[in-house]
Amino acid sequence: MIEIDNQPVNATSQAVRAGLLAAVEAAERDPETGAVVIACAGRTFTAGGDISEFGKTPLLPHLPVVLNRIEAATKPVVVAWHGTALGGGCEIGLAAHARVMAADARIGLPEVRLGLCPGAGGTQRLPRLCGVVTAIDLATSGRMMAAEDALKSGIVDEIAHGDLRAAALARATAMIGAPLRRTGEIPVPDSPPDAVAAAEARARKEARGRIAPERIIGLIRRAGIVPFAEGLAEERATFFELMATDQSRALRHVFFAEREVGKIRDIEGVNARPISRIGVIGAGTMGAGIAVALLDAGYPVTIIETDVAALERGRDRIGALYDRMLASGRLTAEDRALRLSGATFSAELADLAQVDLVIEAVFEDMAVKKGLLVRLEAVTRADVILATNTSYLDLNEMAGVLARPQNLVGLHFFSPAHVMKLLEIVRAKRTAPDVLASAVTLGRRLKKVAVVSGVCDGFIGNRILAKYRAQCEFMLEEGALPQEIDTALETYGFPMGPFAVQDLAGLDIAWARRKRLAPTRLPDERYVPLADRLCELGRFGQKTGSGWYRYEGGKRLVDQAVTDLILEHSRAIGMERRQITPQEIQARALAAMVNEGARIVAEGIACRPLDIDIVMINGYGYPAWRGGPMHEADRIGLPAILKTLKPMQTRDGPAFEASALLVEIAAEGGTLAQLNIRG
Ligand code: T1G
């Protein structure tokens, strides 16, 4: 039995590779050893290569060499997979002579998520076991596969429902003396060409600007054409080529940044308050989504609405969300029943007397929220955490009505709350450290990417979004059309351009907000009234059949009426329209985001630039393979960003004045990444 022990995730660092090689060779030499089992200590089989070592020269022995040695062994080698066998961890298993897998274990080749291809035989061995179609699916999506599916597809030989190591040992022992099945010697099975084409098409569609998926497809297809050794060599060369790309660097930045956001200096060593029972107030779209997110994570939830009728509607809404998961096969009927059994519905605030946390998701209105918080404080425990789900409101003002303002924190969920990964945790001036720590812990338990933000209008994400959108609207006035801007930004890597997104979300809510804020708008602020015009015409987006586009049979179509409206507007304000290139659109959108991001960091609203990257990627569709706007700004250089900003300052008003922080770092020849120290 060879046991790998390199916590926390048994990454295949140099010492692990060397140890594994030595152990296999020793087993080959040892006359007492008849067969070998490779297993891992701790919570998981290896999660693959040590990502923190990437980009450096890999030390000997290289993993492919170790794996070739395992495959060539004359004694049977069986792998015992538990937890998540990922990347190199999966590849170790593929090189063994048989694989036994714990019933709850999962395997995967997530290299693609780091902008890489598998680097230790994954693209050559996997198709030999499961065929090209499944191999393309797994390696280009990076998704994890459960044991049952791995058995069905031929990747594993056995699922251990009891003692995994005992099962692996029994299998290895039984293999002694029999001919060994070496994966590299198996021919790639034939696959129906249609199925292969479909798998490739799916992968290309999902790639959206990423280069690794195409390279992976190429390598997997080569497995059936070239000799095994040649395929391995091509894979290795591609792996190093991809490692040196900007995309891989960006995606590795995202991997670590997503883990770093949860580490906040102020709460290091602070104990979170225990949370076992949660109340949710309001069962509208947002409240229902939040309740489902909590129920999915196993929390018992008391859902409060103002009256019985509203409560019934809320119950239906939550039921409907689970029905959809059931219909799509993401949930079994038992799971649905189990999760729903955690929900209690009530029209009495007093039923929250014993909860540890209340999340209010009522109407976005300061007076309504304040009134509710006062009443809540009266019926809940003194150590309760009071969380408000707001996207814009001033938490410091809200805290002012509380006797215990230290208990208040903001939890800004993104819709649909049970799906979207991002959670902004808003820290008010008087939020207690242990309340903040509790919110961070909750975020982790909900499997969200939780980013801490200070209080400001729109917090991190919506504040940047506002500047990004404003800049796009300026370009409408100057000469671009919505479809040109959307196409340029979709080419840049956003799943949807800003105007298509507005149509999807509905234009009416932002309109109401603009009307509310109109009296406080600065006179020298550049303002584009085109969205207001659309709303006045009842064009609220997809739900009314038209907005920036018109919609027919679910298709988005350019609308001449909108084009005319824009041209007429430019004429009315005396703006001479000009051709705006996709490059200019992309550069201006990025500069607007980066500038506001730098201000947010300078004001201490975000802990570090990386927090901004993670918010924009997980909440707003910024392409992960560019690493987030701040990472991208460093890549193209801050002087280039400042150059784009320069005309924006004079033309677009004080809101686009270059951030002093940006100017200062650029002057020193520095990078935003320098500020990515623990926040
Ligand atoms: N390398 C280095 N550090 C890693 C790591 C890795 N592969 N995986 C996790 N960590 C750190 C992580 O930063 C965190 O550290 C801690 O471990 C716990 O992780 C040739 C070379 C395994 C599913 O892409 O998907 O193999 O923040 O918070 O939620 O083809 O980690 O505590 O200091 O995520 O329980 C392919 C990435 C490598 C796997 C566990 N492998 N990891 O999730 O904990 S490429 C991956 C994960 C490769 C070969 C090539 C997850 C997890 P800290 P965590 P978790």
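Everything numeric in this text was worked out from a predicted model, so none of it was measured. Order of appearance sets the numbers: ligands from 1, and atoms from 1 within every ligand.
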Looking only at protein heavy atoms, which one is nearest to atom 20 (C) of ligand 1, and what is the separation?
Glu91 OE1, 3.6 Å
Phe255 heavy atoms, cut-off 4.0 Å: which ligand 1 atoms fall inside?
8 (N), 9 (C), 13 (O), 37 (C), 42 (N)
Distance filter under 4.0 Å to Ile51 heavy atoms, resulting ligand 1 atoms:
1 (N), 2 (C), 6 (C), 7 (N), 24 (O)
I want to know if ligand 1 touches Ala47 in the polar sense, i.e. an N/O pair below 3.5 angstrom.
yes
Closest approach of any protein heavy atom to atom 18 (C) of ligand 1, naming residue and atom:
Arg43 NH2, 3.4 Å
State the atoms of ligand 1, each with its element, that fall below the 4.0 Å cut-off from a heavy-atom position in Gly87.
26 (O)
Quick check on Val9 - does any of its heavy atoms sit under 4.0 Å from an atom of ligand 1?
yes
With a cut-off of 4.0 Å, which atoms of ligand 1 are near a heavy atom of Lys263?
27 (O), 33 (O), 53 (P)
Separation between CD1 (Ile217) and OG1 (Thr140), nearest 0.5 Å, reads 6.0 Å
Per-residue contact class, Thr12 against ligand 1 - non-hydrogen pairs under 4.0 Å
neither
Considering only protein heavy atoms, which is closest to atom 6 (C) of ligand 1, and at what distance to one decimal place?
Gly49 O, 3.5 Å
Only heavy atoms of Pro118, strictly under 4.0 Å: list the atoms of ligand 1 that pass.
30 (O)
Is it true that Glu260 lies under 4.0 Å from ligand 1, counting heavy atoms only?
no
Ring-plane angle category for Phe414 and His412, please: parallel below 30°, perpendicular beyond 60°, tilted otherwise.
tilted
Within the 4.0 Å heavy-atom shell around Pro8, which atoms of ligand 1 are there?
16 (C), 17 (O)
Determine whether any protein heavy atom is located less than 4.0 Å from atom 8 (N) of ligand 1.
yes
Ligand 1 versus Arg113, non-hydrogen atoms closer than 4.0 Å: side chain, backbone, both, neither?
neither
The one among Arg106, Arg236, Met243, Arg259 that brings a heavy atom closest to atom 19 (O) of ligand 1:
Arg259
Within 4.0 Å of some non-hydrogen atom of Gly48, the atoms of ligand 1 are 26 (O)
Nearest to atom 3 (N) of ligand 1, what protein heavy atom do you find, and at what distance?
Asp50 OD1, 4.2 Å
Looking at atom 24 (O) of ligand 1, is any protein heavy atom nearer than 4.0 Å to it?
yes
Which residue and heavy atom of the protein sit nearest atom 21 (C) of ligand 1, plus the separation
Phe54 CZ, 3.5 Å
Arg202 bridged to Glu206 by N-O distance under 4.0 Å:
no
Atoms in ligand 1 with a heavy atom of Phe239 nearer than 4.0 Å
21 (C)
Distance flag for atom 43 (O) of ligand 1, protein heavy atom under 4.0 Å:
no
Under a 3.5 Å distance rule, please check whether Asn10 uses its side chain to pair with a backbone N or O of Thr44 as donor and acceptor.
yes
Would you check if there is a donor-acceptor pair between the side chains of Glu235 and Thr123 at a distance under 3.5 Å?
yes
